[in-house]
Amino acid sequence: QVQLVESGGGLVQAGDSLRLSCAAPGRMFSNNAMGWFRQVPGKEREFVASIGWKGSNTNYADSVKGRFTISRDNVKNMVYLQMNSLKPEDTAVYYCAASRTSQTAVASTIQYWGQGTQVTVSS
């Protein structure tokens, strides 16, 4: 069992931008849909965005549409989440996730989770 590795979190002010990165083993990564989720301690993990195995079929939570962009690079075995116009309500631990399926990633299809990276947005 190998873990996904996220990076890029930090403390920013409302309106700022961050880009999260996730590295994964190629054998697991290349044919799997990938997703980003976020969680506040004591609450369930919330879907943020997903992307199909070839980089199409993107989906976003309503709360981040127009502000966040998910992308992937199958040569580098990387997935990214560009976060613009950050709001205090975006504060959470963000998790990279690999789905058992190829086109979409939702909570029930996740096979592997990263360790999480903290994003804190101040007012």
Whether S50 side chain and T104 backbone form a donor-acceptor pair below 3.5 Å:
no
Roughly how far, to the nearest 0.5 Å, is the CG atom of L20 from the SG atom of C96?
9.5 Å
Are V93 and T117 close enough that some pair of their side-chain heavy atoms sits under 4.5 Å apart?
no
Side-chain contact test, heavy atoms from C-beta onward, threshold under 4.5 Å: evaluate it for F68 versus D90 and give yes or no.
yes
Over all atoms of both residues, closest heavy-atom pair of A14 and S123
CB-CA, 4.5 Å
Would you confirm whether Q115, through its side chain, and E6, through its main-chain N or O, come within 3.5 Å as a donor-acceptor pair?
yes
Under 3.5 Å, is there a donor-acceptor pair between the side chain of D16 and the main chain of S85?
no
Shared hydrophobic cluster, V12 / V48 (ILVMFWY, side-chain heavy atoms < 4.5 Å):
yes
What pair of heavy atoms forms the shortest contact from Q118 to A92, and how long is it?
NE2-O, 3.4 Å
Rounded distance (nearest 0.5 Å) linking atom OH of Y94 with atom CG of L81:
7.5 Å
Are the side chains of Q111 and N32 in contact, using a 4.5 Å heavy-atom criterion?
yes
In Å, rounded to the nearest 0.5 Å, how long is the span from CD1 of I70 to CG of N57?
11.5 Å
Side chains of T69 and Y60: does their closest heavy-atom pair fall under 4.5 Å?
yes
Are L4 and C22 side-chain neighbours, meaning at least one heavy-atom pair lies under 4.5 Å?
yes
How many angstroms lie between atom CG of N77 and atom CE of M34, to the nearest 0.5 angstrom?
9.5 Å
State whether a side-chain donor-acceptor pair under 3.5 Å links N84 with S17.
yes
Does a side-chain heavy-atom distance below 4.5 Å link V79 with W36?
yes
Is there a donor-acceptor contact under 3.5 Å from the side chain of R72 to the main chain of G52?
yes
For the residue pair E89 / T91, report whether a side-chain donor-acceptor contact shorter than 3.5 Å exists.
no
Tell me the closest heavy-atom pair linking A33 and A105, and the distance in Å.
CB-N, 4.2 Å
Quick check against the 3.5 Å criterion: does S99 have a side-chain atom that pairs as donor or acceptor with the backbone of T101?
yes
Could you tell me if R19 sits above the aromatic ring of Y80, with its cationic atom closer than 6.0 Å to the ring centre and no more than 45 degrees from the axis?
yes
Please work out which of the three classes, parallel, tilted or perpendicular, describes the rings of F47 and F37, given edges at 30° and 60°.
perpendicular
If you define the side chain from C-beta out and look only at heavy atoms, does anything of S63 sit under 4.5 Å from R38?
yes
Flag side-chain contact, heavy atom, 4.5 Å: Q13 against V121:
no
